[in-house]
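Single-structure report; data block below.
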Amino acid sequence: AMLAGTAAWSVAGERLHGATPGKRLLGLTVERLDGGAPDARTAWLRHGLRTMSMLLGGLGFATAAITERRQALHDLLTETRVRSRGLQRPDLVWGLCATPPVLAAGALAFAWLGG
């Protein structure tokens, strides 16, 4: 159920808004090569192929470093790309990025001091 829910969340976000809330926060959008929004079929296919890119140890994402349009393998196969529109809330993004290391350091300090 969780896998189906996350797939639906991702596909709906890319289909309806051109990005999931996380991508929108980072100023990223997913679009077809002609500039239009992905249709439902393309969004589902892209999600499945993105999962494949992850299961290949992330190698599917490495193609973004060597392709002209910076496309990951799943973007090449679905004729889509991720475009940057600039950070919408850089302060919030940096705060979210800093939270996990701060929490981890706090947990380690608590464990060290407590026991």
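If you read the sequence from its start, that first residue is 1, and numbering goes on from there. Below, each value reflects all heavy atoms present in this structure, side chains not excepted, and no hydrogens, waters or symmetry copies. Just so it is clear, the structure is predicted and the values come from calculations on it, not from any experiment.
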Subject >> All pairs passing ring pair (Phe, Tyr, Trp, His ring centres under 6.0 Å) where residues 64-84 contributes a residue, at least two apart >> reply: Phe61-His74

Subject >> Close side-chain approach of Thr42 to Thr80, heavy-atom, < 4.5 Å >> reply: yes

Subject >> Non-hydrogen atoms of Ala43 and Pro38 that approach each other most closely >> reply: N-CB, 4.4 Å

**OP:** Applying side-chain hydrogen bond (donor to acceptor under 3.5 Å, both in side chains), name anything that partners Glu31, two or more places apart in sequence or on another chain.
**Re:** Arg81, Arg83, Arg85

Original post:
Please, which pairs that meet salt bridge (charged side-chain N to carboxylate O under 4.0 Å, His left out) have at least one residue in residues 62-74, sequence neighbours excluded?
Top reply: none

Original post:
Are any of the side-chain heavy atoms of Thr78 and Leu49 separated by less than 4.5 Å?
Top reply: yes

Original post:
To which residues is Leu55 joined in a hydrophobic cluster, defined by side-chain heavy-atom contacts under 4.5 Å among Ile, Leu, Val, Met, Phe, Trp and Tyr, whether direct or through other members?
Top reply: none

Subject >> Of all pairs that satisfy salt bridge (charged side-chain N to carboxylate O under 4.0 Å, His left out), the ones with a partner from residues 40-57, not counting sequence neighbours >> reply: Glu14-Arg46, Glu14-Arg50, Arg46-Asp75

**OP:** Applying side-chain contact (heavy atoms from CB on, under 4.5 Å), name anything that partners Leu28, two or more places apart in sequence or on another chain.
**Re:** Lys23, Leu26, Val82, Ser84

Original post:
Taking only residues two or more places apart in sequence or in another chain, which ones pass side-chain hydrogen bond (donor to acceptor under 3.5 Å, both in side chains) with Arg32?
Top reply: Asp34

Original post:
Residues in side-chain contact (heavy atoms from CB on, under 4.5 Å) with Thr67, at least two apart?
Top reply: Thr63, Gln71, Leu76

Original post:
Does some side-chain heavy atom of Leu59 sit less than 4.5 Å from a side-chain heavy atom of Ser53?
Top reply: no

